[in-house]
Asks: 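Mind having a look at this structure? Questions to follow.
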Amino acid sequence: MNADYGQILKALGWIDNVMDYFRPYKPETKGMTINYRNRNAEIELLLYIPDNLKRKIRKMEIPAYQNFVISGMRDESFNRIGELWWFEDGKWKLNPSNLPPSEMYLLTLEGKLSEDALTKIVFVEPAANKDRTKEIDRYWLASMIRNVEILEKIWDALNVDDVTASVKIGIERCLSETIPKDLNERLRATQRWVRAGRGKDREEIWRAWREMRGTTKESKISVDEIVDIIYKLTNSEVFSRFLTLDSPYTVGEIRREETFKGTFPERMYVEASTYLTLKQPTATGYLSFKKKDYTETVKKEFEELL
């Protein structure tokens, strides 16, 4: 997992190139914020531009590597002066003589990290089911900033937001082993009929139709009612009630995966999110799925149909 200082700087791409252009102004990297999900990065540079440099340099020109943008600039009094920069011919330009009286300026840059650069900085362990009982399935989560000592030499502060781990929670058995037998047969027969209708085997279409007619006579419950309950039980708002997460993780997106094992949805997709800093470079914890409670809720919902 260790990468040396040079490898990290090389992986950062446009950041290192921009830094080279600012060398005459003794740039200090004060802080960096990364959004792990979309790889957007915001960097703050402290620049030293005394009056003698302002008179000497008629124009600052910084090529926009990988389409980075200069999103803001402040003087020593924290006055906003970012509008003094303009973009032209693929470069960010500034006339130093237009700068207000000050020697130190805080410049904010925004750009996008490559996947390689992000993986050099952050490691997210794939979520795994580490503990399974009759009541609960628990999934282990672990994230970390790599090479903290090296990164502290580059930035005074580093924040990584939206560090996400994807968890796939199996729910097929919770449904298939709980739904009353006659409702299950009704649903399977209807699915067979739909599949047969897409084909050209007339005998199969006839057999599937007869089976569906038979289950229809035995049950007053419509297929739509069964499907509505399944969709309700896999709704993100409902499903979230059966999840708990250890701090510093929080629940993000929840959705039903559109893959079916036989008749029922196979899994739910859950995102666990956290944040990392140089002072808090690791995050670990469990995501717990209250499997028994969920199964009992499934059973209750279908029993109320009968």
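The analysis underlying the following values was restricted to heavy atoms, covering all of them including side chains, and did not include hydrogens, waters or symmetry mates. Not measured: the values here are computed from a predicted model.
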Asks: Is it true that atom NZ of Lys292 has more than 12 heavy atoms of other residues, nucleotides or ligands lying nearer than 6.0 Å?
Replies: no
Asks: Indicate yes or no: does Lys120 engage Asp116 in a salt bridge with an N to O separation below 4.0 Å.
Replies: yes
Asks: Just by distance, no angles: are the side chains of Asp161 and Asn35 close enough, under 3.5 Å, to form a donor-acceptor pair?
Replies: no
Asks: Establish, yes or no, whether a centroid distance under 6.0 Å links the rings of Tyr139 and Phe289.
Replies: no
Asks: Give the minimum heavy-atom separation between Ala41 and Leu113, together with the two atoms involved.
Replies: CB-CG, 4.0 Å
Asks: Pairing donors with acceptors under 3.5 angstrom, does anything connect the side chains of Glu271 and Tyr269?
Replies: yes
Asks: Do Leu276 and Tyr36 make a side-chain contact, defined as non-hydrogen atoms from C-beta onward lying under 4.5 Å apart?
Replies: no
Asks: Roughly how far, to the nearest 0.5 Å, is CG of Leu245 from OG1 of Thr250?
Replies: 7.0 Å
Asks: Give me the atom names and distance for the closest heavy-atom approach of Trp140 to Gly285.
Replies: CE3-O, 3.4 Å
Asks: With a 4.5 Å limit on heavy-atom distance, are the side chains of Tyr21 and Met60 in contact?
Replies: no
Asks: When you measure from the side chain of Thr277 to the backbone N and O of Lys279, does any donor-acceptor pair fall under 3.5 Å?
Replies: yes
Asks: Does Arg39 have more than 12 heavy atoms from other residues, nucleotides or ligands lying within 6.0 Å of its CZ?
Replies: yes
Asks: How far apart are the closest heavy atoms of Pro50 and Glu103, and which atoms are they?
Replies: CB-OE2, 4.0 Å
Asks: Is atom CD of Glu237 surrounded by more than 12 heavy atoms (other residues, nucleotides or ligands) closer than 6.0 Å?
Replies: no
Asks: For the side chain of Arg146 and the backbone of Thr119, is there at least one donor-acceptor N/O pair under 3.5 Å apart?
Replies: yes
Asks: Do Ser143 and Tyr249 have side-chain atoms, one donor and one acceptor, less than 3.5 Å apart?
Replies: yes
Asks: Would you say the side chain of Thr108 lies within less than 4.5 Å of the side chain of Ile70, judging by non-hydrogen atoms?
Replies: no
Asks: Does a salt bridge link Arg255 with Glu253, judged by any charged N lying under 4.0 Å from a carboxylate O?
Replies: yes
Asks: Can you tell me if Asp75 uses its side chain to pair, donor with acceptor, with the backbone of Tyr105 under 3.5 Å?
Replies: no
Asks: So which heavy atom on Glu76 is nearest to which on Ser102, and how close?
Replies: CG-OG, 2.9 Å
Asks: More than 12 foreign heavy atoms under 6.0 Å from CD of Glu115: is that the case here?
Replies: no
Asks: Please answer whether the main-chain N or O of Thr133 pairs with a side-chain N or O of Lys291 as donor and acceptor at a distance below 3.5 Å.
Replies: yes
Asks: Determine whether the side chains of Ser97 and Asn95 contain a donor N or O and an acceptor N or O closer than 3.5 Å.
Replies: yes
Asks: Minimum heavy-atom separation for Pro24 and Leu53, please, with both atom names.
Replies: O-CD1, 3.6 Å
Asks: Return the CD to CG distance between Glu301 and Leu175, rounded to the nearest 0.5 Å.
Replies: 11.5 Å
Asks: Got a second to check how far Arg132's CZ is from Glu135's CD, nearest 0.5 Å?
Replies: 13.5 Å
Asks: Check whether any side-chain heavy atom of Lys290 lies under 4.5 Å from a side-chain heavy atom of Thr244, and answer yes or no.
Replies: yes
Asks: Roughly how far, to the nearest 0.5 Å, is the NZ atom of Lys26 from the CG atom of Leu46?
Replies: 12.0 Å
Asks: Output the distance between atom CD1 (Ile136) and atom CG (Asp293), rounded to the nearest 0.5 Å.
Replies: 8.0 Å
Asks: So does Lys54 have more than 12 non-hydrogen atoms from other groups sitting under 6.0 Å from NZ?
Replies: yes
Asks: Are Val163 and Val124 side-chain neighbours, meaning at least one heavy-atom pair lies under 4.5 Å?
Replies: yes
Asks: Looking only at heavy atoms, which two atoms of Ala283 and Pro248 are closest? And how far apart?
Replies: CB-CG, 3.8 Å
Asks: If you round to the nearest 0.5 Å, how far is CD1 of Ile34 from CG of Asn159?
Replies: 9.0 Å
